[in-house]
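Chain naming here is simple, since letters A, B, ... match the order of the sequence lines and numbering starts at 1 in each.
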Protein chains: 2
Amino acid sequence: MATRGFAGLTLRAVAAELGATTGLLTHYFPTKQALVAYALDLLEERTLSRPRRQSGGGLAALRDAILDILPLTSEARDSNRIWVSSWDNALADPALSADYARKYAEGRDRMLQRVIAAQEAGELPPGEPTDLAAGAQAFALGLVVQALFDPAAFPPGRQTELLDNYLAGLAAGPCPISSPDPHA
Amino acid sequence: MATRGFAGLTLRAVAAELGATTGLLTHYFPTKQALVAYALDLLEERTLSRPRRQSGGGLAALRDAILDILPLTSEARDSNRIWVSSWDNALADPALSADYARKYAEGRDRMLQRVIAAQEAGELPPGEPTDLAAGAQAFALGLVVQALFDPAAFPPGRQTELLDNYLAGLAAGPCPISSPDPHA
DNA sequence: CCATTCGCATAACAGTTGTTACGGCAATGT
DNA sequence: ACATTGCCGTAACAACTGTTATGCGAATGG
């Protein structure tokens, strides 16, 4: 199921996996889209309510948030696999696209709170925190994609190494260099 | 085509877009997978041979490389849209997955060369350049995904702003903090 | 203990998919 | 001018899709 791709996700396949038939599925879901929507909601809820890392406040909390996203375990890999596969379907439907946009905006908000906390703790230099939050989520998402396609090149240790390097750069870095001013 | 998703990419739809029928397609391609493989190869070649930004060496070159990836124009948005949509199909086939892994490894190599050049020019602090390259591509990929789902929140100006902030952090930052040494 | 309702399997349905076979039409070579 | 070749449209094919209709068996309620 997590290995056959979104295109191979057919009602009969799901029913077979459940040891049931299509009758059950059509009895509980009016349409297939409703089923996949429910399944993805369930996946999101499950991963969100999964025991989260909580090794500290400030920068460590930001690190934890990203670690909770990365495919470091086989379970997390499957989740990300399904999620990435669902992007095709989501991009084809404007309503679903808006839903996904909202989800990622919420993700950035979660990052934002931790970025602000880290800044207040002095672990991150000042600077527009929303930019840092968006950048952190971009880093996480991009690393997820690369790790999914090349698990051998991105074992858990490598992923955390890259993350720690990224965070170290953030901590030492971003003096707010305003973009070159055309008129001056 | 770029808007109907990968699942809606049917032989008859492609033929209709071409003003032809399925006979033409089956005459030139033994199977559908061969067609999409050719189409994606063509897309890759076209975007790779597209006029690339070249505003300078070192860090500016790295910036250019990422700008060439981001969906800053409608054309680039369509390319990225198709590319992201193809991930579902690619993840379902191990051989295709390996192909994609190779492609992204090549992308990291392109980043790597520019990272090294920037380091030699003193525009980036020393540190493992392969890590920076992987991080830069992760940042680019993740920003692509977020921008595709929420174009309103990530207009071109916002994307370049985030990129410049990221690069500024890189330039000021990464003093090579080795990860905590267990035995010492 | 019987009537009723509900849950779900069975089966049929129309539509679409990739693929294959066939035939005509135009270009080409002699 | 004629035969031949290859291009490609037409149409058929089997397989499979989501969805709908039907019916049986068990649980439920009086």
Under 4.0 angstrom, heavy atoms only, what part of the nucleic acid is [X] near: base, sugar-phosphate, or nothing?
X       : result
B/Phe29 : nothing
B/Thr21 : base
A/Thr26 : base
B/Leu11 : base

Closest nucleotide among [options] to the [X] side chain:
X       : options               : result
B/His27 : D/dG18, D/dC7, C/dG18 : D/dC7
A/Thr22 : D/dT19, C/dT19, C/dC8 : D/dT19
A/Arg12 : C/dT19, D/dT19, D/dG9 : D/dT19

Fill in: Any donor-acceptor N/O pair, B/Gln119 side chain to B/Gly127 backbone, under 3.5 Å
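Answer holds: yes.
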Discussion item. Tell me if a side-chain donor or acceptor on B/Asp68 pairs with a main-chain N or O of B/Arg52 at a distance below 3.5 Å.
Written reply: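 Absent.
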Practice prompt. Kindly assign one of parallel, tilted or perpendicular to the pair B/Tyr104 and A/Phe149, based on the angle between their ring planes and the thresholds 30° and 60°.
Written response: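 Tilted.
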Distances under 3.5 Å between protein N/O atoms and the N/O atoms of nucleotides 25-28 of chain D, please, pair by pair.
none

Discussion item. On the nucleotide C/dG18, are OP1 or OP2 found under 4.0 Å from the side-chain N or O atoms that B/Thr31 carries?
Written reply: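 So the side-chain polar atoms of B/Thr31 never come under 4.0 Å of the phosphate oxygens OP1 or OP2 of C/dG18.
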Worksheet item: Quick one: is C/dG7 close enough that its OP1 or OP2 comes under 4.0 Å of any side-chain N or O from A/Tyr28?
Response: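 The answer is no; no side-chain N or O of A/Tyr28 sits under 4.0 Å from OP1 or OP2.
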Discussion item. Other residues, nucleotides and ligands only: do more than 12 of their heavy atoms fall within 6.0 Å of CD on B/Glu44?
Written reply: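 More than 12 heavy atoms, drawn from other residues, nucleotides or ligands, come within 6.0 Å of this atom.
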Worksheet item: Could you give the distance from CG (B/Asn80) to CG (B/Leu72), rounded to the nearest 0.5 Å?
Response: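 So the gap between those two atoms works out to 9.0 Å.
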Worksheet entry | Carboxylate-amine/guanidinium contact A/Asp99 A/Arg102, below 4.0 Å |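 Yes.
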Worksheet entry | Euclidean distance, atom CG of residue B/Leu25 to atom C1' of C/dT17 [Å, nearest integer] |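 Checked: the CG to C1' distance equals 14 Å.
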